[in-house]
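Sequential numbering from 1 along the given sequence is applied to the chain's residues. Heavy-atom basis, side chains included; hydrogens, waters and symmetry copies ignored.
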Amino acid sequence: MGRFTLRVLAGVLALTVFLLPDLGSAQLRQNYYATICPNVNVEKIVRDAVTKKFQQTFVTVPGTLRLFFHDCMVQGCDASVIIQSTPNNQAEKDYPDNLSLAGDGFDTVIKAKAAIDAIPSCSNKVSCADILTMATRDVINLAGGPSYAVELGRLDGLSSTAASVRGRLPQPTFNLDQLNALLNPLGLSQDDIIALSAAHTVGFSHCNKFSNRIYNFSPSNPVDPTLNKTYASDLQAMCPRNVDPQIAINMDPNTPRTFDNMYYKNLKQGKGLFTSDQILYTDPRSRPRVEAWAADNAAFQRAFVAAMTKLGRVGVKTGRNGNIRRDCAAFN
């Protein structure tokens, strides 16, 4: 076989890997770092760093969880959302939908990375993408949610552009069809989407993300009729017209600091903050699942863990498609 033929075959193989990035998920496994960093409990080091950050501010929880979502949904789980922009490249984090990502989420990953790299035998052996995955599991548990075994073995991505974010993230105005159309191609079922939406049980939102529902929903209904009337009045009081754009409110009005199934109970009462939340109850196709998980927190948590595991497999980078960054915010 000639050199030219070998080069062509190599090119075809490289193209195949590029077109099928999820093939990398096959290398993911639990306890991945047991042999890479022997005698070092990588997951405990991350957990300790995350716990310290959590004790400083609760924003660590929704900030880290949202960072994981926004990372995995764009180019896969490769920590590309953490990259800082440079004069020659506008990175993902500076796309408009990412400007509201909490700095505490980024800081959580960076501090956990520093804690691991401080151990000489494990320095620069753990990817930022894996650290974000572990930290996300930890903040969920610290807020009262489940702890679960995470699959590890991701490399960090080699590209981060604001342009790559366009059309990849769910919008607050989405209906069920739009949610499915966006997320089903990532390997997420409708049930997975309903489960992952419950991350809003610990989130917060700026007023402009839902102001259309409480002031100018339609010519005949200034307030979205699917909104609980008392809740709508509360939202108007917290978010008056021309409110400071920095003002943010809890997405779960009842247990905003606890990761639980209150999200679904709120939907049943018309207290979903976004259209994309409330539609899960108003649409008859998804309502039965909302009702089931509102009644059974353990069942919801099992479904959430399964959905998070599937999301964590999206677009995993391996081989030449990634590396381990020395600095999570900059390419090597």
Side-chain angles (χ1 to χ4, degrees), residues 24-25 27-72 76-83 93 101-157 199 202 259 301 304-305 308-314 316-318 322-330 332:
S25 64
Q27 81 165 23
L28 296 181
R29 63 179 185 272
Q30 296 174 15
N31 302 313
Y32 176 84
Y33 292 100
T35 54
I36 293 173
C37 293
N39 303 315
V40 176
N41 190 333
V42 169
E43 295 193 43
K44 183 180 185 301
I45 294 168
V46 171
R47 170 79 179 207
D48 289 347
V50 173
T51 301
K52 185 176 180 180
K53 178 71 181 176
F54 171 77
Q55 291 168 344
Q56 294 168 353
T57 172
F58 183 80
V59 179
T60 301
V61 176
T64 304
L65 182 51
R66 189 162 176 246
L67 192 66
F68 178 76
F69 280 21
H70 282 228
D71 182 46
C72 292
C77 307
D78 63 356
S80 54
V81 73
I82 302 177
I83 290 291
K93 68 181 298 186
L101 289 170
D104 289 300
F106 295 93
D107 191 48
T108 299
V109 176
I110 289 167
K111 285 183 173 173
K113 167 78 167 168
I116 291 172
D117 285 350
I119 300 170
S121 64
C122 203
S123 182
N124 204 39
K125 291 184 178 180
V126 182
S127 69
C128 303
D130 274 349
I131 291 171
L132 175 55
T133 303
M134 288 182 271
T136 301
R137 178 267 310 273
D138 293 337
V139 296
I140 289 167
N141 184 232
L142 286 166
S147 184
Y148 51 95
V150 288
E151 297 175 339
L152 303 169
R154 301 163 188 79
L155 292 180
D156 297 323
V202 290
F259 190 93
Q301 292 195 352
F304 186 82
V305 169
M308 287 291 283
T309 301
K310 288 167 72 172
L311 179 58
R313 295 169 180 162
V314 174
V316 169
K317 306 300 187 293
T318 60
N323 60 20
I324 294 176
R325 284 185 219 135
R326 289 182 289 272
D327 175 353
C328 290
N332 291 348

For the atom pair [atom1] ([X]) and [atom2] ([Y]), what is the distance rounded to the nearest 0.5 Å?
X    : Y    : atom1 : atom2 : value
F54  : T64  : CZ    : OG1   : 11.0 Å
N41  : I116 : CG    : CD1   : 10.0 Å
L142 : F259 : CG    : CZ    : 12.5 Å
N332 : D156 : CG    : CG    : 8.0 Å
K44  : M134 : NZ    : CE    : 14.0 Å
I119 : I45  : CD1   : CD1   : 3.0 Å

If you take all heavy atoms of [X] and [Y], which pair is closest and at what distance?
X    : Y    : result
A49  : A112 : CB-CA, 3.8 Å
C77  : L311 : SG-O, 3.2 Å
I83  : C328 : CD1-O, 3.8 Å
A135 : V46  : N-CG1, 4.0 Å
F58  : P62  : O-CD, 3.2 Å
F68  : G312 : CZ-CA, 3.9 Å

Between the side chains of K52 and D48, is the shortest nitrogen-to-carboxylate-oxygen separation below 4.0 Å, so that they form an ion pair?
no
Is there a side-chain contact between [X] and [Y] (heavy atoms, below 4.5 Å)?
X    : Y    : result
L155 : D78  : no
T309 : E151 : yes
T51  : Q55  : yes
M308 : I140 : yes
V126 : I324 : no
L152 : E43  : yes
L65  : T136 : yes

Please identify each residue that fulfils side chain to side chain donor-acceptor pair (under 3.5 Å) with R325, with sequence neighbours left out.
none
Atom CZ of R326 with >12 non-hydrogen neighbours under 6.0 angstrom
no
Taking only residues at least two apart or on different chains, which pairs with a member in residues 57-68 satisfy salt bridge (charged side-chain N to carboxylate O under 4.0 Å, His left out)?
none
Can you pull out every salt bridge (charged side-chain N to carboxylate O under 4.0 Å, His left out) where at least one residue sits in residues 138-147? Sequence neighbours excluded, please.
R47-D138
Write out all pairs satisfying side chain to side chain donor-acceptor pair (under 3.5 Å) with one or both partners inside residues 109-125, taking only residues at least two apart or from two chains.
D107-K111, K113-D117
Option passing side chain to side chain contact (heavy atoms under 4.5 Å, CB included) with T108 (candidates V61, V50, L67):
V50
Could you pull out all residues at least two apart from K93 that satisfy side-chain contact (heavy atoms from CB on, under 4.5 Å)?
Q84, F106
In a table with atom names and distances, give each donor-acceptor pair under 3.5 Å that connects a side chain of residues 32-40 to protein atoms at least two apart or in another chain.
unit_1, atom_1, unit_2, atom_2, d
Y33, OH, S127, N, 3.4
Y33, OH, D130, OD2, 2.5

Is it the case that the side chain of T133 and the backbone of A129 share a donor-acceptor pair, with hydrogens and angles ignored and the cut-off at 3.5 Å?
yes
